[in-house]
Amino acid sequence: MNPKTDEIDDTTAKTDLLDDDFQDEAGAGSDAGSDDGSDAEEVGEEVGEAAPVAPSGVGAGAAAVVSAGLGFAALTGTWVGKVASERETLIGQIKAQGGTAAQQISEIYGDAWHTTALVNGVFALLALITAAVVLTRPRRPVWVRAVAVAGAVLGGIGLLLSAGMFFDLLLSLPTAA
């Protein structure tokens, strides 16, 4: 028992279960060789009667790590963004044949730049959503919250940079001379 919360600690519950299992095996004697399944049911009942075991947080931890990974990908770019950018470059080259210099710059470079920003922004938004879901769940371990906060920060920075790229706030397209 934890005197501060009046709840059973995980370590106390696990120790009690191990002691009960040891006593069952020690007291079984000649019955240890019989395999009728009744011992397994008794142990299962004892486990069911013990204090509820707190969730391990593996799913939340995995989601927090995924959030941080998505945020990092939003900042550094992804293979999906590169492929989409190259596709837009090719389409721009096809459309820009015979156009003015400004049209060629816009079609070849501008669309690819905006596509990269859009894909990176989607990854950043996914990082923010995943981090928000992890952070809104109650009673998560400290490391899970820390990684989720890191994912949210990376996703937020990635979203700001993507918006700046998309709306040409950070760097503008070159102009025809």
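Side-chain contact between Thr89 and Tyr109 is absent, with no heavy-atom pair separated by less than 4.5 Å. Between Leu75 and Phe123, every side-chain heavy-atom pair lies at or beyond the 4.5 Å cut-off. Considering only heavy atoms from C-beta on, Thr78 comes within 4.5 Å of Val119 through its side chain.
For the atom pair CD1 of Ile108 and CG of Leu173, the computed distance is 12.0 Å after rounding to the nearest 0.5 Å. If you take CD1 on Ile129 and CG on Leu70, they are separated by 10.5 Å, rounding to the nearest 0.5 Å. Residue Trp113 holds its CH2 atom at 5.0 Å from CG of Leu171, rounded to the nearest 0.5 Å. Interatomic distance, Glu88 CD to Glu107 CD, rounded to the nearest 0.5 Å: 9.0 Å. Summarising the geometry, atom CG belonging to Leu154 is positioned 12.5 Å from atom CG belonging to Leu159; distances are rounded to the nearest 0.5 Å. Atoms CD and OG1, from Gln103 and Thr100 in turn, are 3.5 Å apart once rounded to the nearest 0.5 Å.
Checked by atom type and distance alone, the side chain of Thr115 pairs as donor or acceptor with a backbone atom of Asp111 at under 3.5 Å. Side chain of Thr130 to main chain of Ala127: no donor-acceptor pair is present (N/O by atom type, distance under 3.5 Å, no hydrogens or angles).
When the side chains of ILVMFWY residues are joined at heavy-atom separations under 4.5 Å, either directly or via intervening members, Val58 and Val133 end up in two distinct hydrophobic clusters. Connection of Met165 to Leu169 is not established within any shared hydrophobic cluster, with ILVMFWY side chains joined at heavy-atom distances below 4.5 Å, either directly or through further cluster members. If you chain together hydrophobic residues whose side chains sit under 4.5 Å apart, Val83 and Val80 fall into the same group.
Considering all non-hydrogen atoms of both residues, Leu135 and Arg145 come closest at CD2-O, 3.8 Å. Considering all non-hydrogen atoms of both residues, Gly121 and Ser162 come closest at N-OG, 3.2 Å. Taking each heavy atom of Ala148 and Ser67 in turn, the nearest pair found is O-OG, 4.3 Å. Closest non-hydrogen pair, Gly77 versus Asn120, comes out as CA-OD1, 3.6 Å. Of all heavy-atom pairs spanning Leu128 and Gly155, the tightest one is CG-C, 3.9 Å. For Thr175 against Ile105, the heavy-atom pair with the smallest separation is C-CD1, 4.0 Å.
Here Lys95 pairs with nothing under the salt bridge (Lys or Arg N to Asp or Glu O under 4.0 Å) rule; sequence neighbours left out. Partners of Thr76 under the side-chain contact (heavy atoms from CB on, under 4.5 Å) rule, at least two apart in sequence or in another chain, are Phe72. Qualifying ring pair (Phe, Tyr, Trp, His ring centres under 6.0 Å) partners for Phe166, counting only residues two or more places apart in sequence or in other chains: His114.
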